[in-house]
Student: 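Got a structure here, written out as structure tokens. Questions coming.
The analysis underlying the following values was restricted to heavy atoms, covering all of them including side chains, and did not include hydrogens, waters or symmetry mates. Note that the structure is a prediction, hence the values are computed from the model and not measured. One-based numbering, in listed order, for ligands and for the atoms of each.
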Amino acid sequence: MSHTAVERGDLLGLDGLPADQLLSLLDQAEQFLPVAFREKPPLDLLAGGLVANLFFEDSTRTRCSFTVAALRLGADTVDLTGSGSSLSKGETLLDTALNVEAMGVDALVVRSPASGSPAMIARAVNIPVINAGDGRHEHPTQALLDIFTLRRRWEGEISGKTVAIVGDIGHSRVARSNAFGLTTLGADVVLVGPPALVPESLEAIGLGPGRVAVSHDLDSVLGDVDAVMMLRIQLERQANGGAIPPDDYRSCYGLTVDRARRLRPEVPVMHPGPMNRGVEIDSEVADDKARSVILRQVTQGVALRMAVLDRAIGHRPWALDDE
Ligand code: ASP
């Protein structure tokens with residue numbers, strides 16, 4: 001059994017997370033949505049809980065979103081980042097995590113440039129570990145919030161839909177986690193981008209019942225898909241600093257205004273951020289309120305992360321009603 005399925009409430013990846021667990025997180029996120037949309041007041045379900053964000057790689061949305069999610073459930077948070085920590089003095093990631101655990105926190109949310117480090121930490125600690133993005137491996141909460149956004153847009157239906165994920169797939173943990181989650185729920189995924197960034201071998205990552213296909217021709221897939229997810233080129237994970245000049249990339253793989261016109265009117269455009277406007281997506285497309293769900297992904301991501309934190313630590317003794 002993979003670590004994703006451990007009872008403790010870890011969430012290390014979507015590779016191997018069964019459909020029923022995946023769906024129950026989406027259902028729970030649905031319950032929390034009015035709080036995330038601020039239509040209802042914050043909850044105290046996790047009052048007394050303490051969530052540690054250990055972020056050893058830069059983040060805007062994910063770290064802030066986990067903090068907001070914890071606060072909306074009544075938990076407190078403590079933040080540690082790579083640059084201000086003793087990692088810069090040579091302390092290992094594992095020792096850092098063990099020390100933070102020893103302070104009595106209830107869960108660790110871990111981001112690291114090294115693939116597999118949240119899993120390594122999870123094996124050593126006795127509290128739930130949530131992967132907030134590890135190298136090019138997985139970013140499970142991003143994919144869950146993407147799937148949550150799609151399920152809401154499609155009024156519940158995921159099976160049978162086709163999602164195009166466009167960009168630097170080979171270096172993208174977002175693409176991998178989405179491919180795992182979407183195919184587990186019966187959607188098909190088309191991975192689109194230049195051959196150097198999207199090798200044919202990626203077709204094998206589909207878990208079924210949905211399938212994964214690879215295409216190097218964005219124009220040929222646009223008319224047939226139910227959603228488009230644009231990704232940036234992950235320059236920080238490429239030894240050669242990205243061989244394709246931005247203008248060339250945009251003309252072949254950017255979601256320009258012209259290309260967006262070829263999508264069916266109801267097809268949503270997604271992006272996990274950070275966006276490189278004018279490279280993988282034109283500003284007019286990113287800001288098109290009828291089509292772009294990019295900011296909705298962010299809001300719905302808070303509800304999704306509330307569900308993930310509740311699953312991880314909602315059962316702790318202080319969270320039980322002792323009336
Ligand atoms: N924010 C996402 C991640 O951390 C996507 C990206 O950085 O391009 O993987």
Student: So, Asp27 versus Gln31: side-chain donor-acceptor pair below 3.5 Å or not?
Tutor: no
Student: Is it the case that one hydrophobic cluster holds both Leu71 and Leu309, taking links as side-chain heavy atoms less than 4.5 Å apart, direct or via other members?
Tutor: no
Student: Going by the closest heavy atom to atom 2 (C) of ligand 1, which one wins out of Ala132, Gly133, Ser177, Gly273?
Tutor: Gly273
Student: Any chain of hydrophobic side-chain contacts (each under 4.5 Å) joining Met270 to Leu295?
Tutor: no
Student: Can you tell me if Gln300 and Thr149 form a side-chain donor-acceptor pair at under 3.5 Å?
Tutor: yes
Student: Any chance the side chains of Ser283 and Arg277 put a donor and an acceptor closer than 3.5 Å?
Tutor: yes
Student: Below 4.0 angstrom from a heavy atom of Arg232, which ligand 1 atoms are there? Numbered from 1 as shown, please.
Tutor: 6 (C), 7 (O), 8 (O)
Student: Look at ligand 1 and say whether Ser59 reaches it with a heavy atom at a distance under 4.0 Å.
Tutor: no
Student: What I want to know is whether Glu57 and ligand 1 share at least one N or O pair that is separated by under 3.5 angstrom.
Tutor: no
Student: Mind checking whether Thr67 and Asn53 have side chains closer than 4.5 Å, heavy atoms only?
Tutor: yes
Student: What atoms in ligand 1 come closer than 4.0 Å to a heavy atom of Val174?
Tutor: 2 (C), 5 (C), 9 (O)
Student: Using a 4.0 Å cut-off to any heavy atom of Pro274, which atoms of ligand 1 qualify?
Tutor: 1 (N), 6 (C), 7 (O), 8 (O)
Student: Would you kindly check if the NZ (Lys) or CZ (Arg) of Arg111 is within the cone defined by 45 degrees around the ring axis of Phe55 and under 6.0 Å from the six-membered ring centre?
Tutor: no
Student: If the cut-off is 4.0 Å to any non-hydrogen atom of His139, which atoms of ligand 1 fall inside it?
Tutor: 3 (C), 4 (O), 9 (O)
Student: Heavy atom under 4.0 Å from ligand 1: found in Arg111's side chain, backbone, both, or neither?
Tutor: side chain
Student: Select one of side chain, backbone, both or neither to describe which atoms of Gln234 lie under 4.0 Å from any atom of ligand 1, heavy atoms only.
Tutor: side chain
